[in-house]
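Since the model is a prediction, treat every value here as computed from it, not as a measurement.
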Amino acid sequence: MCVPTEGKLLQVLRKATKGLGTEDKTLIRIIVTRAEMDMQYIKGEYHNKYSKTLNEVVHSETSGNYRTFLLSLLGP
């Protein structure tokens with residue numbers, strides 16, 4: 001299995017949350033698989049590159065229990 005670089009993950013996260021609708025499967029896959037490994041690094045880099053926190057984007061693109069779940073995985 002090919003493991004994407006952090007730069008590629010940022011691009012995929014951006015694509016999954018930009019524009020109309022959200023690519024839920026992609027968003028879940030990245031957050032769940034990276035939550036314990038390097039999510040803090042990815043969150044910092046996302047903010048540096050896009051001037052928004054990943055938490056802000058997830059909050060604005062999701063709702064309900066889904067939002068709560070993803071935000072709990074992202075952490076503060």
**Prompt:** Applying the side chain to side chain contact (heavy atoms under 4.5 Å, CB included) test to Met39, which of Thr33, Leu73, Leu74, Val32 qualifies?
**Reply:** Leu74

**Message:** For a side chain to side chain contact (heavy atoms under 4.5 Å, CB included) check, start with the C-alpha distance between Arg14 and Gln11, then their side-chain angles and the critical distance, and finish with the verdict.
**Reply:** CA-CA 5 Å; Arg14 179 68 167 179; Gln11 292 173 348; 5.7 Å; no

**Prompt:** Any donor and acceptor pair, going by atom type alone, linking the side chain of Lys43 with main-chain N or O of Gly75 inside 3.5 Å?
**Reply:** yes

**Request:** Using the side chain to side chain contact (heavy atoms under 4.5 Å, CB included) rule, take His47 and Lys52 through it: C-alpha gap first, then chi angles, then the decisive distance, then the call.
**Result:** CA-CA 5 Å; His47 183 263; Lys52 287 186 177 183; 5.6 Å; no

**Message:** Can you confirm whether Asn48 is buried at CG, in the sense that more than 12 heavy atoms of other residues, nucleotides or ligands lie under 6.0 Å from that atom?
**Reply:** yes

**Item:** Tyr50 side chain near Val57 side chain, heavy-atom distance below 4.5 Å
**Value:** no

**Complete:** Separation between NZ (Lys49) and CG (Leu13), nearest 0.5 Å, reads 11.0 Å

**Asked** Are the side chain of Glu45 and the backbone of Ile42 linked by a donor-acceptor contact shorter than 3.5 Å?
**Response** no

**Item:** Side-chain touch His59/Arg67, heavy atoms, less than 4.5 angstrom
**Value:** yes

**Request:** Of all the heavy-atom pairs spanning Tyr46 and Thr53, show the shortest one and how long it is.
**Result:** CD2-C, 4.3 Å

**Request:** Would you check if Ile31 and Val58 make a side-chain contact, meaning some heavy-atom pair closer than 4.5 Å?
**Result:** yes

**Prompt:** Got a second to check how far Thr22's OG1 is from Leu20's CG, nearest 0.5 Å?
**Reply:** 9.5 Å

**Message:** Can you tell me how far apart OG1 (Thr26) and CG (Leu9) are? Round to the nearest 0.5 Å.
**Reply:** 11.0 Å

**Request:** Evaluate the side-chain proximity of Leu27 to Thr62: yes if any heavy-atom separation is below 4.5 Å, no if none is.
**Result:** yes

**Glu61 and Thr17: side chain donor to acceptor below 3.5 Å** = no

**Prompt:** How far does CZ of Phe69 sit from CD1 of Ile28, to the nearest 0.5 angstrom?
**Reply:** 7.0 Å

**Message:** Can you confirm whether Lys18 is buried at NZ, in the sense that more than 12 heavy atoms of other residues, nucleotides or ligands lie under 6.0 Å from that atom?
**Reply:** no

